[in-house]
Amino acid sequence: MSSDRYKGYRGRSLDCLRKFDAGVWSDVEIRSSRGDFRGVILPRSETADDAHIVLKIHNGYNIGIDVDTVESITEFGRIEAHYKIPEKEFPFDPGKPNVKLFGTGGTIASRLDYRTGAVIPAFSPGELYGSVPELADICNLRTEKLYGVFSENMGPEQWKGTAEAIGREIENGVDGIVIGHGTDTMHHTAAILSFMVQDPPVPIVMVGSQRSSDRPSSDAALNLMNATYAAARSDIAEVMVCMFGPTSDQYGLLHRGTRVRKMHSSYRSTFRTIGDIPLAMVMKDEIRVLKDDHRKRRKDRTVTVNTAFDPRVSIVYYYPNMQPDIIDSLIDNGYRGIVIAGTGLGHVNKPLYPALKRAFDQGVHVYMTVQTLWGYVQMFVYDTGRDMMDLGVIPASNMLPEVAYMKLCWALGQTMDREEVRRIMCTPVAGEITEREPHNGYMILQGGIPEVEEFISRYNR
Ligand code: ASP
């Protein structure tokens, strides 16, 4: 029996289909403790979970049925649909820049077939060209799938592998790199790649989508076009994130990889530069640079890939009344580094002090960042800050907590020497520490206030 019969199913969902002798495209009735459902079993994306069977029911909706609730499946026949995107050969034009698109997974790596409602990976150049033909106007595109995971499953192995793949492509002469990635942890990967891939000569642009391409409001194609355009044409040779900019689809924004964060769980305009303004706006035929302090594109092929990484680091998000056993357990479990996201200017409560002292004495490297995300750690303002510095806690300037985490993993992968780690941590590598945060970067508009409502209404027509 071909594996296509179970396409995308694995583990528990695969066992369930086998048990009742049903498969993809089976027209079935599923009896479950939650009710009975009639429909066609759809293939699943390879990044999907193993706990559900997806059924296209007759009103056209897709539903996921929890395998643990399934009592029986009766097959009445098979209704097979074609779900392959037409493969078209991606045209090659010697006059156009060469861009490499790496895929790691996430929503952008999937698309939903309109007729069947099945989520399928669309990743070969031919498939991408079939679904986003505008890409051929921008560049010559080659694609390579590195991983197929939702981004919460990215980890050191994938970060190192991606950094090495980028290094190889740069040496092979590519003009720009795009990395398709789940949005949830895109800023973590952007941060570690900013450290692992030093001084690249070409743009490295991460991209994802908040909504899969079956939805009319999908940002997948637009983000991909903007990211590809930025990789092919922009003069900014840094690790960046290119995602939906404002609330309409007028432009994308290019964010520096060490200053970006996902800030909304569902809006398409979820990525925001923190502590600065974005690097550039990306429009159909134009890149409008907003900040000129970026590294410029070069013709040489030199790049330093340093994939050092020690995973024995944790982020501790401080909350009032945190108990010292949290810190103690990290020390006792062999963690070598702790990044604290402290309150205000970088504070934790007094009961934690003895544990922090113990961490220092046992050679654990402790850095302080701020939960406010905007602004700097300031440990000279209050006595408490000074006390903590006496205990060996080092202020991490205006590094974002996740960025400080990635940098500490990277630093400890290179050395355990306290002074050397401190030197690496406190020396900016890729814009993660800045001298000042511009006043026009921080803007939080609170609705309900008359002048804000008036301002917003001008843009919301
Ligand atoms: N959960 C998905 C991921 O981060 C969401 C997305 O791709 O946007 O992989």
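Index from 1, following the sequence. When a ligand or atom number is given, it counts from 1 through the structure's own listing order.
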For G106, atoms of ligand 1 separated by under 4.0 Å from a heavy atom: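 Going through ligand 1 atom by atom, the ones under 4.0 Å from G106 are 7 (O), 9 (O).
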T183 neighbourhood, listing ligand 1 atoms whose heavy-atom distance to it stays under 4.0 Å: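 This gives 3 (C), 4 (O), 5 (C), 6 (C), 7 (O), 8 (O) as the contact atoms.
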S209 heavy atom under 4.0 Å from ligand 1: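 A heavy atom of S209 does come that close to ligand 1.
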Under 3.5 Å: N/O of H181 near N/O of ligand 1: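 In this structure, H181 places no N or O atom under 3.5 Å from an N or O of ligand 1.
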S151-ligand 1 polar pair, N/O distance under 3.5 Å: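 Right, the criterion is met.
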Salt bridge (Lys or Arg N to Asp or Glu O under 4.0 Å) involving D27 - partner list, sequence neighbours excluded: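 In terms of salt bridge (Lys or Arg N to Asp or Glu O under 4.0 Å), with neighbours along the sequence ignored, D27 is linked to R38.
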Shortest protein heavy-atom distance from atom 1 (N) of ligand 1, along with the residue and atom involved: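 Result: D184 OD2, 2.9 Å.
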Minimum-distance protein heavy atom relative to atom 7 (O) of ligand 1: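 Heavy-atom neighbour on the protein nearest atom 7 (O) of ligand 1: T107 N, 2.8 Å.
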Side-chain touch I204/I166, heavy atoms, less than 4.5 angstrom: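 They are in contact (side-chain heavy atoms under 4.5 Å apart), so the answer is yes.
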Full working for side-chain contact (heavy atoms from CB on, under 4.5 Å) between F244 and L222: CA-CA 8 Å; F244 206 84; L222 190 72; 4.0 Å; yes
With L290, the side-chain contact (heavy atoms from CB on, under 4.5 Å) member among D276, L279, T273, I277: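 Exactly one candidate clears the test, I277.
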Separation between CG of L17 and CD1 of I53, rounded to the nearest 0.5 Å: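 The distance works out to 4.5 Å.
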Listed partners of T228 passing side chain to side chain donor-acceptor pair (under 3.5 Å), at least two apart: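 Side chain to side chain donor-acceptor pair (under 3.5 Å) check on T228 returns nothing, list empty.
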